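Shown next, in structure tokens, is the structure this report addresses.
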Number of protein chains: 2
Amino acid sequence: MSQIKKIRLSESVIDAIKEMVVKDGFRSGEKFYSEKELTGKLQVSRSSIREALRILEVTGQVSVKQGKGIYIADTQGERFKEFSSWLKNNEQSIRDNFEVRLIIEPKAARSAAENADAGDIQQMEGVWAQFAAYARDHKIEEAIVCDHRFHCGLARATKNRTLYVLMKAMTTTLPNGWISSLYTPGRIDQTVHEHGDILRAVKKQDKAGAENAMTRHLANALHDITKHLDDLT
Amino acid sequence: MSQIKKIRLSESVIDAIKEMVVKDGFRSGEKFYSEKELTGKLQVSRSSIREALRILEVTGQVSVKQGKGIYIADTQGERFKEFSSWLKNNEQSIRDNFEVRLIIEPKAARSAAENADAGDIQQMEGVWAQFAAYARDHKIEEAIVCDHRFHCGLARATKNRTLYVLMKAMTTTLPNGWISSLYTPGRIDQTVHEHGDILRAVKKQDKAGAENAMTRHLANALHDITKHLDDLT
DNA sequence: GACATCTGCTTGTCTGACAAGTGTCGCGCC
DNA sequence: GGCGCGACACTTGTCAGACAAGCAGATGTC
């Protein structure tokens with residue numbers, strides 16, 4: 001069985017353009033072919049080219065300027081740009097998401113401080129150490145995985161299975177919302193600290209301390225994202 | 001100095017569509033207006049609409065299917081799907097379930113007291129009245145449906161979509177233990193009262209009152225269920 | 001030399017047309 | 001009555017051509 005889903009022409013154009021950039025050796029910031037040239041080279045209409053360009057633009061791979069032309073995006077800021085545009089389009093859902101987390105997680109941390117056993121703490125300490133290592137080496141993707149695992153580990157330590165499964169649902173299926181926070185400058189290092197605070201409180205069975213540390217952690221993250229968002233506009 | 005950058009029409013269309021989704025009350029998975037209808041409503045050409053749609057599609061907010069139409073993406077629903085099915089298959093954890101609800105719902109009630117508009121309140125009052133009627137006639141099955149709808153209506157009034165979807169996942173897959181609680185003598189009548197308390201507080205925009213009323217409601221329900229379960233064994 | 005204008009290129013938007021996918025309704029057959 | 005099939009309406013996908021609007025360099029005038 002081959003290729004069930006029919007692909008849109010504009011999607012093929014995206015791939016074709018990406019390939020062109022590589023094959024024809026375009027570099028960051030360079031001027032690319034014009035829309036008209038592209039219709040000639042790819043033999044598709046300008047509409048399809050333009051739909052493809054909108055997608056390439058919003059994913060931060062090109063930048064299009066009226067009267068001037070199409071430019072290959074700056075690869076330095078490419079990842080950052082991509083994140084920014086995503087952020088702009090998902091502002092509300094991030095806020096919603098954080099609000100819910102601010103409700104659930106502090107209580108989860110409190111419960112974890114009460115119910116965590118030695119195994120839970122050992123596991124979380126391992127995750128935390130790895131997170132710190134990835135943060136030091138600026139391995140953001142890997143650090144994000146550790147972030148998920150830390151929060152899930154905490155939920156597991158509550159010994160409330162509903163809470164654990166819920167937390168897992170919130171972390172594994174909304175990668176972007178979590179990723180977003182860690183891409184903001186400085187956030188990742190602070191997260192190491194804040195996770196450390198939470199962990200220490202849980203270890204000491206300090207319920208109020210754990211709850212407060214988690215509240216601070218989430219509030220800080222939300223604050224950084226919001227500020228970052230304001231800077232963009 | 002205002003507005004340096006010139007805005008592309010398709011970008012305005014994105015905002016307009018997002019606003020429409022909210023204002024006209026479209027829900028996840030629902031069919032949206034067709035491209036043709038949008039040209040009429042927004043008074044811009046199909047090209048601009050389509051460019052906007054490509055962006056909304058790639059940022060995961062709508063999904064467009066040839067021959068069928070434009071659909072509001074159901075990312076949130078997908079998110080908690082696994083969680084829902086887990087809940088359904090693990091009804092032994094009623095206590096865990098309640099603990100989580102005791103964390104979430106009082107805060108949800110508080111938020112509802114802050115954000116509910118006239119429509120939300122009217123809808124909830126309707127549900128409440130019907131619940132009371134069913135309770136009077138001892139139509140328990142129907143009353144249970146109203147119970148779900150009341151809690152979902154409250155979550156919706158928070159205007160937080162994540163919370164709403166989460167609550168829906170939790171109420172629609174209620175374990176039988178919960179349902180059976182409404183069969184315990186007196187519980188259903190008391191629920192009518194307790195829901196009334198919550199509703200009144202929300203209406204008065206009394207945040208603390210709503211939070212407390214919800215906490216009482218859930219605590220009472222848990223108490224009765226626990227007693228009911230103990231009586232069974 | 002300084003400035004305004006012209007000109008040709010670019011992207012932005014609109015229009016009308018036809019292709020292609022999807023679901024529905026009703027007709028005719030069994 | 002039930003079933004199958006085709007006509008039809010409605011949807012998105014793609015195209016071609018036109019004009020508006022922004023930009024930059026060439027040209028002409030003073």
Side-chain angles (χ1 to χ4, degrees), chain A residues 1-18 20-21 24 26-74 81 85, chain B residues 1-18 20-21 24 26 29-74:
Chain A
M1 193 142 32
S2 69
Q3 197 69 24
I4 291 181
K5 190 186 148 216
K6 206 194 159 193
I7 51 172
R8 234 182 317 235
L9 200 49
S10 56
E11 293 176 43
S12 321
V13 171
I14 292 174
D15 293 334
I17 289 181
K18 279 188 191 167
M20 263 186 195
V21 173
D24 299 359
F26 284 94
R27 309 240 208 112
S28 296
E30 221 172 314
K31 190 167 185 295
F32 192 57
Y33 301 121
S34 73
E35 293 182 358
K36 194 179 174 195
E37 284 173 310
L38 286 172
T39 62
K41 283 179 188 286
L42 301 177
Q43 290 294 306
V44 297
S45 77
R46 235 185 111 201
S47 322
S48 299
I49 303 269
R50 282 182 62 81
E51 289 188 16
L53 284 175
R54 286 297 85 74
I55 293 171
L56 287 166
E57 207 177 13
V58 87
T59 54
Q61 309 189 46
V62 302
S63 117
V64 180
K65 288 167 194 151
Q66 178 173 8
K68 300 184 76 172
I70 303 162
Y71 294 82
I72 306 301
D74 195 0
K81 221 171 176 177
S85 71
Chain B
M1 189 144 33
S2 71
Q3 199 67 25
I4 294 180
K5 192 185 149 211
K6 208 197 158 192
I7 293 186
R8 234 185 313 237
L9 198 50
S10 55
E11 292 176 43
S12 320
V13 171
I14 292 175
D15 293 335
I17 288 181
K18 278 189 193 168
M20 264 188 195
V21 172
D24 298 358
F26 283 94
E30 223 173 310
K31 191 168 186 294
F32 192 56
Y33 301 122
S34 71
E35 293 182 358
K36 195 179 173 194
E37 283 172 310
L38 287 172
T39 61
K41 281 177 188 288
L42 301 177
Q43 289 296 305
V44 299
S45 75
R46 236 185 107 201
S47 325
S48 300
I49 303 266
R50 283 183 62 81
E51 289 187 16
L53 285 175
R54 288 297 85 74
I55 293 171
L56 286 167
E57 207 176 15
V58 89
T59 55
Q61 309 190 47
V62 302
S63 103
V64 180
K65 288 166 196 154
Q66 178 171 6
K68 299 185 77 175
I70 302 163
Y71 294 81
I72 306 299
D74 191 13

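These figures come from a predicted structure and were not determined experimentally. Every chain is numbered from 1, with letters handed out A, B, ... down the list of sequences. Side-chain atoms are counted along with the backbone in the values below, which use heavy atoms only and exclude waters and symmetry mates.
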Atom-pair distance ([atom1] on [X]; [atom2] on [N]), nearest Å:
X        : N       : atom1 : atom2 : answer
Arg50(B) : dC15(D) : CZ    : P     : 11 Å
Ile49(A) : dA16(D) : CD1   : P     : 11 Å
Leu9(B)  : dT15(C) : CG    : P     : 11 Å
Lys36(B) : dC10(D) : NZ    : P     : 8 Å
Glu35(B) : dG21(C) : CD    : P     : 16 Å
Glu11(A) : dG13(D) : CD    : C1'   : 11 Å
Ile70(A) : dT10(C) : CD1   : C1'   : 9 Å
Leu53(A) : dT10(C) : CG    : C1'   : 13 Å

DNA chain D-proximal residues of residues 38-48 of chain B, any heavy atom under 4.0 Å: Arg46(B)

Arg54(B) vs dG13(D): side-chain N/O to OP1/OP2 distance below 4.0 Å: yes

Tabulated below should be each protein N or O lying under 3.5 Å from an N or O of nucleotides 21-23 of chain D; please produce it.
unit_1  : atom_1 : unit_2   : atom_2 : d
dA21(D) : N3     : Gln66(A) : NE2    : 3.4
dG22(D) : N2     : Gly67(A) : O      : 3.1

Greater than 12 external heavy atoms within 6.0 Å of Lys36(B)'s NZ: no

Closest to side chain of Arg8(B), choosing from dC15(D), dG13(D), dT11(C): dT11(C)

Selected nucleotide, minimal atom distance to Lys31(B) side chain, candidates dG12(C), dG13(D), dT11(D): dT11(D)

Any chance you could measure [X], atom [atom1], to [Y], atom [atom2], to the nearest 0.5 Å?
X        : Y        : atom1 : atom2 : value
Ile49(A) : Leu42(A) : CD1   : CG    : 5.0 Å
Arg50(B) : Arg54(A) : CZ    : CZ    : 13.5 Å
Glu57(B) : Ser10(A) : CD    : OG    : 8.0 Å
Ile17(A) : Ile55(A) : CD1   : CD1   : 10.0 Å

Sub-4.5 Å side-chain heavy-atom contact between Ile14(A) and Gln61(A): no

Close side-chain approach of Leu38(B) to Ile70(B), heavy-atom, < 4.5 Å: yes

Within residues 28-48 of chain A or reaching into it, pairs that qualify as ring-ring contact (aromatic ring centres under 6.0 Å, His included) - sequence neighbours excluded: Phe26(A)-Phe32(A), Phe26(A)-Tyr33(A)

Sidechain N-carboxylate O distance under 4.0 Å for Glu30(A), Arg27(A): no

